Amino acid sequence: MSSPTTTRPYHLAEGEGPALWHLGALLTFKATSANTGGRLWVQEAYGARGYAPPVHKHTREDEAFYVLDGELTLYVGDDVIVARPGDFAWAPRDVPHTFCVESETAKFLAFSTDGGMDRFFFATGEPAGALTLPPPPQGPPDVEALVAAMAEYGVEMVGPPPSPRTGG
């Protein structure tokens, strides 16, 4: 079934939207592929110091980041970007990238043109029990399962997650 060519307007207030706990962060989706006709997804991510995904590259979409609170270091290709509230960063498809939360906590928007990658988070996360950071994990993530899930969405893991740059 093809995606509709038009979508319906909608509004989500602060704290609204499907919320997941994913790899130690709270992800609240403000837009999903399902409600944008496959054009876009937007998540508000809230993570503690050290929250970082593995270095990866997308083959189907571009990704962007907008910092709302706290500080991130973004690694996009050979560029290292220290991003603070109000800063924006663009990670084009096929360019390896990742980020790391440097401050005690950070809140930022992550979004992508062309929808679909949002389904990865729903497939590998769990519904948030509260709009807070998740409890500590019981063990390490199943990296093999994450790599396989990423591949289903055209994302290739190319390196480990970074650590914070400074001692805090």
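This structure is a prediction, so every number in the text was calculated from the model and none was measured.
Distance CG/Asp62 to CE/Met117: 13.0 Å, rounded to 0.5 Å. Atom-to-atom distance recorded for Arg39:CZ and Ser33:OG is 11.5 Å, nearest 0.5 angstrom. To the nearest 0.5 Å, atom CG of residue Asp69 and atom CD of residue Glu104 are 10.5 Å apart.
Proximity of Lys57 to Glu63: side-chain heavy atoms (C-beta onward) are nowhere separated by under 4.5 Å. Between Val76 and Phe99 there is no side-chain heavy-atom pair separated by less than 4.5 Å. Residues Leu12 and Lys30 meet the side-chain proximity criterion, which asks for heavy atoms closer than 4.5 Å. Side-chain atoms of Phe65 and Leu74, non-hydrogen and from C-beta on, do get closer than 4.5 Å to each other.
Taking both residues in full, the closest heavy atoms of Pro164 and Cys100 are given as N-SG, 3.5 Å, listed atom of the first, atom of the second, then distance. Between Thr59 and Gly154, the closest heavy-atom pair is OG1-O, 2.7 Å.
At least one donor-acceptor pair closer than 3.5 Å links the side chain of Glu102 to the backbone N or O of Arg165. At distances below 3.5 Å, at least one donor-acceptor pair connects side-chain atoms of Asp118 with backbone N or O atoms of Gly116. Side chain of Thr105 to backbone of Ala48: no donor-acceptor contact under 3.5 angstrom is found. Looking only at distances, a side-chain donor or acceptor of Ser103 sits under 3.5 Å from a matching main-chain atom of Glu71. Panel note: side chain Trp21, backbone Thr132; a donor-acceptor pair is recorded below 3.5 Å. Lys107 contributes no side-chain N or O that, together with a main-chain N or O of Gly47, makes up a donor-acceptor pair within less than 3.5 Å.
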Run the side chain to side chain contact (heavy atoms under 4.5 Å, CB included) check on Phe29 and Trp41 step by step: do they pass?
CA-CA 8 Å; Phe29 284 80; Trp41 62 265; 4.1 Å; yes
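Between Glu44 and Thr28, the side chains place no donor N or O within less than 3.5 Å of an acceptor N or O (distance only, hydrogens not considered). Between the side chains of Ser112 and His58, not a single donor N or O lies within less than 3.5 Å of an accepting N or O.
Ring orientation note: the planes of His22 and Phe121 are nearly perpendicular, at an angle over 60° on the 30°/60° scale.
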